[in-house]
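Report on the following structure.
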Amino acid sequence: MKQGVVGVIVSWVKPKAGDAESRRPLFEKLMANSYQQAFQMAYRFTSNRAEAEDLLQETYIRAYRYFHRYDEALPFTAWLYRIMTNLHIDNVRRTSRLKTVSIDQPVGESSSAWDLEDSDAARGDQKIDDTLGEPLQRALQAMTPDFRMAVVLADVEGLSYEEIATIMDTSVGTVRSRIHRGRKQIREHLEHLSGVEHQGVTE
Amino acid sequence: MNSCFRVKNLLSAYLDRELTGEEMLLVRDHVCQCAECSAEFEELRWVKSSLLTMPMVEPSDDLLDRVKGAVFAVVAPVPTAETRRKSIATIGMAAAMLFLVFAVMRWVEVQGQSPIVAGDRSDFAQGQDTVVDVRGSYSPGSPVMLVSAPE
Ligand SMILES: [Zn+2]
């Protein structure tokens, strides 16, 4: 009889642990479907393969931890990018705080909500392993992080301002301004690069 | 030109087709007749199309496996404060129930009757909710209330 009682108690308590486990197959499936695209995002954000992999991993870990809060009305990637942009901002802030040396890199209009030197941009010698898109990736790297994320979500991922506003938890008006100023930063950076190259040749 | 300033700020949204009809007409008309704004628009368009055609970066072959390993090793979805509270409540209730069961058994012994062995009761083995059935002392319905699951 004691055994019977224990059995009933165990079967009554156990399904709680099983709930989490039952979410795993679904999450694995969503992961397999999204990781390549999510890796592109992470790479465009960080400009570096190792950091992109770290960011991707952090993103999925957090996503799985809070998977019970995921609202299936929203596309999984939108939810994932929301986590990723938050993590990326956190990472940039953390490394910027550690870094005291400023760089002389002109970044066009520097009137962002919070002006931070991107630590990646500071390390001008950092390896970018994607040679074809290298000048453009360097330009992304030098951007104000909020502008960079808005531009990447719009032009690499092809999302609407509305979708980007949801992901970045801001207004459509702010998205519009970030994208516009972000594109101008890229253009100015590329102009600056070609100017430097030109000087190098003539001297 | 005064409208240049206004138009320039709308050029990216114009490019992305994110303007209202009225704004769109304003920008379109202006760009047609202003060389400066037209040039700026072309530059922005060039930036957008360059980003769009950036080559894909291939993730390494084992990336998915590595990330999966990290995700499922690090977090068996951490119980939220809410679920943790629930499981504490569950354990508490289970303990209370056990206590009750033994109290009933003790009481039965005192009454000089022997409790039923689980094996004797096929309905119990089949997972019926009744935990204790003391012949004649309890109606079969009442113990069920003790073990009905919370939630
Ligand atoms: Zn003009």
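Here is the naming used below: chain letters follow the sequence lines, and residue numbers restart at 1 for every chain.
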Legend entry - Contacting moiety of B:T53, where chain A heavy atoms sit under 4.5 Å: neither
Legend entry - A:S177 versus chain B, the contacting section by heavy-atom distance below 4.5 Å: neither
Legend entry - Among the listed options A:Q40, A:Q36, A:Q57, the residue most often paired with chain B at heavy-atom distances under 4.5 Å: A:Q40
Inset, instruction - Taking all heavy atoms of B:E58 and all of A:R49, pick out the closest pair and write down the distance. - result: O-NH1, 2.7 Å
Legend entry - salt_bridge(A:E53, B:R66) N-O dist < 4.0 Å: yes
Inset, instruction - Indicate the atoms forming the closest heavy-atom contact of B:V67 with A:L56, along with that distance. - result: CG2-CD2, 4.3 Å
Inset, instruction - Let me know which of A:Q185, A:K184, A:R187 forms a side-chain contact (heavy atoms from CB on, under 4.5 Å) with B:V47. - result: A:R187
Inset, instruction - Considering only heavy atoms, give the residues of residues 19-28 of chain B separated from chain A by less than 4.5 Å, sorted numerically, with 'none' for an empty result. - result: B:L19, B:E23
Inset, instruction - Select one option (side chain, backbone, both, neither) describing which atoms of A:R176 are under 4.5 Å from chain B's heavy atoms. - result: side chain
Inset, instruction - Side chain from CB out, backbone as N, CA, C, O: work out which of these in A:Y35 comes under 4.5 Å of a heavy atom of chain B, or both, or neither. - result: side chain
Inset, instruction - Using a 4.5 Å cut-off on heavy atoms from C-beta on, say whether the side chain of B:L51 contacts that of A:I186. - result: yes
Inset, instruction - Kindly compute the distance separating CG (A:L190) from CH2 (B:W46), expressed to the nearest 0.5 Å. - result: 5.0 Å
Inset, instruction - Give the C-alpha distance, both sets of side-chain angles, the deciding distance and a yes or no for side-chain contact (heavy atoms from CB on, under 4.5 Å) between A:R44 and B:V57. - result: CA-CA 9 Å; A:R44 297 307 172 202; B:V57 187; 3.7 Å; yes
Legend entry - Structural part of A:A139 lying under 4.5 Å from a heavy atom of chain B: neither
